[in-house]
Amino acid sequence: MADLNEIEVLLVEDNPNDTEMTLSALKKHNLANRLHHVKDGAEALAFIFATGAYSTRKVECSPKVVLLDLKLPKVDGLEVLRKMKADERTRLTPVVVLTSSNEDRDVLDSYRLGVNSYIVKPVDFAKFAESMRQLGLYWLLGNRSPR
Amino acid sequence: MKSGILIVDDSLAVRMDLDEAFRNGGFATTLCGTAAAARDALSRSAFALVVLDVLLPDADGVEFLKEVRATPGTSKIPVMLLSTEAEVRDRIRGLKTGADEYIGKPYDPTYIVSRAQELVRKTQPTQTAPSPPGILIIDDSATFREGLKAALEGKGYGVTLAESGEEGLRVAVGLRPRAVIVDGVLPGIDGATVIRRLRQDASLRRTPCILLTASEDSGGELQALDSGADAFVRKEEDIDVTLARLAAVLRSSDASQSVEAESSLLGPKKILAVDDSVTYLQELGAQLRQEGYEAILAPSGEEALELLAVQPVDCILLDVLMPGISGHETCRRLKSSPGWRDIPVLMLTARENREAMIEGINAGADDYISKSSEFDVLKARLRAQLRRKQFEDENRHIREQLLQKELEAAQSRAAGELAETRARLLMDLEAKNQELESFSYSVSHDLRAPLRAIDGFSRMLLEGHAQNLDGEGKRLLGVVVDNTRRMGQLIDDLLRFSRLGSTAMQKASVDMSALAKSVALELVESCPGRRIECSMGALSPAYGDPSLLRQVLQNLVGNAFKYSRTREVSRIEVSSRSEEEETVYTVRDNGVGFEMEYAHKLFGVFQRLHSSEEFEGTGVGLALVKRIVERHGGRVWAEGKVNEGASIHFTLPGQGDANGRP
């Protein structure tokens, strides 16, 4: 595991199958080298705000992108998003919501909370892989975050 | 309160008489001898009431009344018609023309004044009796009057004095005293009659009355109670006894004043006397008027019935033997009419006749009197009938009020229950909707996750471990992937279908031509290599939810593309036709068609007429179309023949004018 302050992608996902597929797709495009995976919203918050098990991290060293599932154990994705967008230090970290739900409610709530992008996890793996690839290239290579 | 009364009568004697009566009753008067003078007076000032003679030297009174009613400024003034003629026809004509009261001459001025006051009170409901109402003392002895007044005022009562029965009655109508103390023996009408008349006026009927009597014997007491007095006091008794009695009657009357006097029960009683003998009728009329009743005289049963149609009365005196319809027949007709059934009928017969009496009672008469009896007997029986009717009227009135209240209570209870039920149903509905929504959410979220895994891992297997799979293994895995895709499609379709019921429609004007073209263009792009001829006529615009209507066309045009793909050239035609209240849209293709006997199955969920090997699909599309069209208030149906193509028609309300609005 890479240095926690050097993490580029934080993947917040509780479903092991989705995690494996996401990792597989990202690896194929060489985007999973500096990736950290957490399984629930509480751990995600701990990582992002450098608390608990992650107290050695620096909050300022934010990942380049957070891939966030909405349906999570303990603290749900929208709550993680709300806390990140409410804090000056993490407000500018790009968040991409990853979910199988295409319910209008979630889209609306996510955008209201300031999500940067929203991707409905497609059942078709090829489409999923393609959207992951575009996402990775855009945020990790093309997009310069205001640091 | 001074209200102007306009008295129109050509007889100076009548004018002077009425003038005096009205002035005594507290009214200002204007006197006119002709219709011309009256017209002039009416145009110059406003009057509270008009007393109008039917026979005027320069006009017919009823015609003049018509004129008064037709003039905007005077149309609402109460009018009392006065007539020397006892002709029932005149009375009917007058009342039909809009008279508020019709009084025959000879008249009782007291009655006219009290009736006038009543009419004025009705038209000017805001004016209230002067307050505080006091005790009215009617006694002709000045010494006694003043003595009693001083004693009552000493106890804090307000006191008004009257010298005679007539004056007392006039004052009572205007004053509405808390109680009346009246001497039994008076120069004009006696004390008992005063009390009787008070009892006949609904607004004064409950006024406690104390009759003063000078006599020692029990006759005085009987006389007092018979007239309806609440108490009687001997004049020689100590004045304190009078005071105590007064306090007692006031106490009991205050306790029972809960029921308000009703205008329908107001006023002197009207007696209709029917007899073919004019002499007897006149005599009877005079006797009745003397008693303070308003007598209406009719010479035949026919005229009596005609009169009753325009004027209700309180009691009917009916001669048995009359030319035309007999007394018994008249009675039968009266008693079989719901409106008249409750009017007491007293049959009058020339001599005692047992059989006639039985027949009369059988016809529904309430009492039976021989003409040979004394008028006193007749009057007593009449009083009894009137008292009974008064009592029944009041009871009926109270019953009606109670019924009304019960009805209102029941209605408000029902309304409350309805509102409650509605609120509960709404809550249920909302809960159900919420359930459905969360169900949809779970389906979309939870069913997709494993499906995604099946699809994803199958592909990872195919891509990463292809070298370990033989041809059959790869084919089998392909089937898994295919079915996964179909299941995903099914979930999407079902969710879309179920969401249709709960989402609100956002209606707007929709350019159906543009919509159909864009839908067709997308489809053409998705089927490269096919020869497709699309014919899109100029479609009438629609008024509906644009995104839902797009789904309709996507499904219908999509089906047309799908089912015509086996043809060398696919021909697809979209057209519209405006009917009276709706527009019919049609999507036609030259595809495989279907058997008409299964046409009804096309629009059911999961209903398919082709296997998924022949044509892919979930069986939701047309069900979705049907649901959307029906939510817009339209219909949908299909026509087709095997191998000869299909036409799907749907209607949307409205003719599709420039705005697309119905």
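Letters A, B, ... are given to chains in the order of the sequence lines, protein chains preceding strands, and every chain is numbered from 1. All figures in this text were calculated on a predicted structure; none of them were measured in a lab.
- Heavy atoms from other residues, nucleotides or ligands lying under 6.0 Å from NZ of A/K58 number 12 at most.
- Across all their heavy atoms, B/A453 and A/M21 have their closest contact at CA-CE, 3.8 Å.
- Taking a 6.0 Å sphere around CD of B/Q506, one finds it holds 12 or fewer heavy atoms contributed by other residues, nucleotides or ligands.
- Between atom OG of residue A/S24 and atom CZ of residue B/R459 there is a gap of 12.5 Å, rounded to the nearest 0.5 Å.
- You'll find the side chain of A/N17 stays beyond 4.5 Å of the side chain of B/R452, heavy atoms only.
- Applying the 6.0 Å contact sphere to NZ of B/K601 captures no more than 12 heavy atoms from other residues, nucleotides or ligands.
- Counting non-hydrogen atoms of other residues, nucleotides and ligands closer than 6.0 Å to NZ of B/K507 gives a total above 12.
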